[in-house]
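Predicted, not measured: the structure shown is a model, and the values here were computed from it.
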Amino acid sequence: MQQRHRGEVVWITGASAGMGRALALEYARRGADVAVSARRVDRLAEVVKEIEALGRRGLAVACDVTRDEDVARAVEEVLAQFGRIDVAIANAGFGVIGKLEQLSDADLRRQFDTNVFGAMSTARHALPALRRTKGRLALVSSVAGLLASPRSGAYTASKFALRAFGLTLAQELYAEGVSCTLLNPGFVATEIGQVDNVGRFDGSRRDKRPLKLMWTAEAAARVMADAIDRRKREYTFTAHGKLGAWLGQHMPGLVHLIMRRGQSAMVES
């Protein structure tokens with residue numbers, strides 16, 4: 001396990017907490033040097049300490065993925081420090097929640113700027129380095145990219161778009177020896193439920209997701225890294241996530257009926 005990525009470099013966005021941090025530590029355990037990017041520089045420094053405690057080199061690069069120039073600079077810094085990128089993971093993202101008429105134009109644009117355009121920017125700037133190493137690109141989407149639900153239209157739409165982008169990249173890059181893996185997590189214990197529509201983290205905010213269905217970020221990181229290593233085109237987890245994704249793809253009428261009735265019950269109550 002520790003030798004699998006010896007001599008390789010992994011770059012991860014949205015790596016200050018949650019699945020991004022867990023992925024950084026997982027790849028360090030597998031022997032890789034790891035560069036981590038996010039907006040919260042203080043947290044990145046802590047992740048780097050954890051990477052170095054595992055015997056690997058770590059690098060913190062501040063980056064707001066909604067700023068294309070930040071992403072370009074981050075790639076330059078990683079290459080200047082480590083000389084290569086073997087795995088690039090576009091993990092940065094958050095969720096805008098609410099019915100359409102409750103959301104502003106700024107809310108909608110902020111959602112797509114982070115979840116879609118941020119991932120596109122990450123991929124575009126990392127690809128020249130990945131072509132040189134015949135590397136692996138990964139985009140962290142969600143089961144929400146396969147299953148629509150009330151009050152999550154902005155988030156779901158961004159993940160539907162990201163899925164289309166990822167599957168297209170997998171086709172375009174295949175002949176060049178670069179893989180693109182689309183990752184669709186179900187419920188994972190991260191901070192996403194405690195981030196508001198502006199993208200601000202609030203530790204006192206109650207995460208309304210079902211706790212009993214959640215995987216730990218560490219368990220998620222292991223299966224995500226395995227899927228990327230195997231160059232899978234798409235990987236969906238957890239068990240409930242797989243069921244939801246299957247229903248969304250193959251029984252949309254049933255999903256519509258269930259979601260419609262649930263929404264009606266909420267309105268009546």
Side-chain angles (χ1 to χ4, degrees), residues 14 18-19 23 89-100 103 108 111-112 114-120 122-123 136-174 178-190 192-193 208-215 217 219-266:
M19 289 187 292
L23 279 164
I89 304 175
N91 173 69
F94 80 110
V96 168
I97 302 302
K99 292 182 179 181
L100 178 61
L103 303 175
L108 299 173
Q111 182 71 102
F112 274 73
T114 301
N115 290 7
V116 182
F117 292 108
M120 288 181 175
T122 299
R136 298 167 171 86
L137 172 68
L139 308 179
V140 180
S141 184
S142 169
V143 167
L146 297 146
L147 178 69
S149 60
R151 303 189 73 253
S152 65
Y155 179 70
T156 298
S158 74
K159 293 303 186 179
F160 266 67
L162 185 59
R163 182 170 186 264
F165 177 56
L167 295 179
T168 299
L169 270 180
Q171 297 166 4
E172 293 176 350
L173 297 174
Y174 180 81
V178 178
S179 58
C180 180
T181 299
L182 185 74
L183 298 160
N184 304 317
F187 294 120
V188 176
T190 69
I192 192 170
K208 297 180 181 179
R209 297 177 300 159
L211 295 176
K212 291 183 179 180
L213 300 183
M214 285 195 195
W215 277 26
R222 287 193 292 272
V223 300
M224 292 164 80
D226 285 344
I228 297 167
D229 284 355
R230 295 197 301 269
R231 298 182 182 267
K232 292 182 73 67
R233 182 185 70 256
E234 186 171 17
Y235 182 70
T236 302
F237 68 100
T238 59
H240 289 87
K242 289 181 178 179
L243 175 60
W246 188 89
L247 289 171
Q249 286 187 290
H250 301 289
M251 302 190 73
L254 177 61
V255 170
H256 175 72
L257 178 62
I258 293 170
M259 296 297 185
R260 187 184 69 192
R261 287 182 173 177
Q263 185 68 13
S264 297
M266 289 178 60

> So, does Asn91 use its side chain to make a donor-acceptor pair with the main chain of Gly14 at under 3.5 Å?
Replying inline: yes
>> On a heavy-atom basis, which atom in Ala138 and which in Leu183 lie closest, and how many Å separate them?
In response: CB-CD1, 4.1 Å
> Going from CZ on Phe187 to NZ on Lys212, what distance comes out if it is rounded to the nearest 0.5 angstrom?
Replying inline: 14.5 Å
> Sub-3.5 Å donor-acceptor pair from the side chain of Asn115 to the main-chain atoms of Phe94, do we have one?
Replying inline: yes
> Hey, mind stepping through Leu213 and Thr238 against side chain to side chain contact (heavy atoms under 4.5 Å, CB included) and telling me if it holds?
Replying inline: CA-CA 9 Å; Leu213 300 183; Thr238 59; over 6 Å; no
> Which pair of non-hydrogen atoms, one from Val188 and one from Pro185, has the smallest distance, and what is that distance?
Replying inline: CG2-CB, 4.1 Å
>> When you measure from the side chain of Ser142 to the backbone of Gly145, do you find a donor-acceptor pair of N or O atoms at a distance under 3.5 Å?
In response: no
> Could you give the distance from CG (Leu100) to CG (Leu108), rounded to the nearest 0.5 Å?
Replying inline: 6.5 Å
> Which pair of non-hydrogen atoms, one from Ala245 and one from Leu146, has the smallest distance, and what is that distance?
Replying inline: CB-CD1, 3.5 Å
>> Just verifying a value: how many Å separate Ile89 CD1 and Met224 CE, rounded to the nearest 0.5 Å?
In response: 7.0 Å
> Which heavy atom in Gly244 sits nearest to a heavy atom in Val143, and how many Å separate them?
Replying inline: C-CG1, 4.5 Å
> Counting N and O atoms only, with roles assigned by atom type, does the side chain of Thr181 sit under 3.5 Å from a partner on the main chain of Lys232, one being a donor and the other an acceptor?
Replying inline: yes
> Near Arg233 CZ, under 6.0 Å, is it more than 12 heavy atoms from other residues, nucleotides or ligands?
Replying inline: no
>> Please verify the inter-ring angle class for Phe237 with Tyr235; under 30° counts as parallel, over 60° as perpendicular, anything in between as tilted.
In response: parallel
> So, for Gly166 and Leu139, which heavy atoms are closest and what is the spacing to 0.1 Å?
Replying inline: CA-CD1, 3.5 Å
> Are the side chain of Arg136 and the backbone of Asp229 linked by a donor-acceptor contact shorter than 3.5 Å?
Replying inline: yes
> How close do Lys242 and Thr236 get, heavy atom to heavy atom, and via which atoms?
Replying inline: CE-O, 3.0 Å
> Taking atom CZ of Arg231 and atom CG of Leu137, what is their separation to the nearest 0.5 Å?
Replying inline: 11.0 Å
> Rounded to the nearest 0.5 Å, how far apart are CG of Leu147 and OG1 of Thr156?
Replying inline: 7.5 Å
> Is there a donor-acceptor pair under 3.5 Å between the side chain of Lys99 and the backbone N or O of Gly153?
Replying inline: no
> Does the side chain to side chain contact (heavy atoms under 4.5 Å, CB included) test come out yes or no for Val140 and Leu162, once each step is laid out?
Replying inline: CA-CA 9 Å; Val140 180; Leu162 185 59; over 6 Å; no
>> Let me confirm one number: the OG-CE distance from Ser149 to Met259, rounded to the nearest 0.5 Å.
In response: 5.0 Å
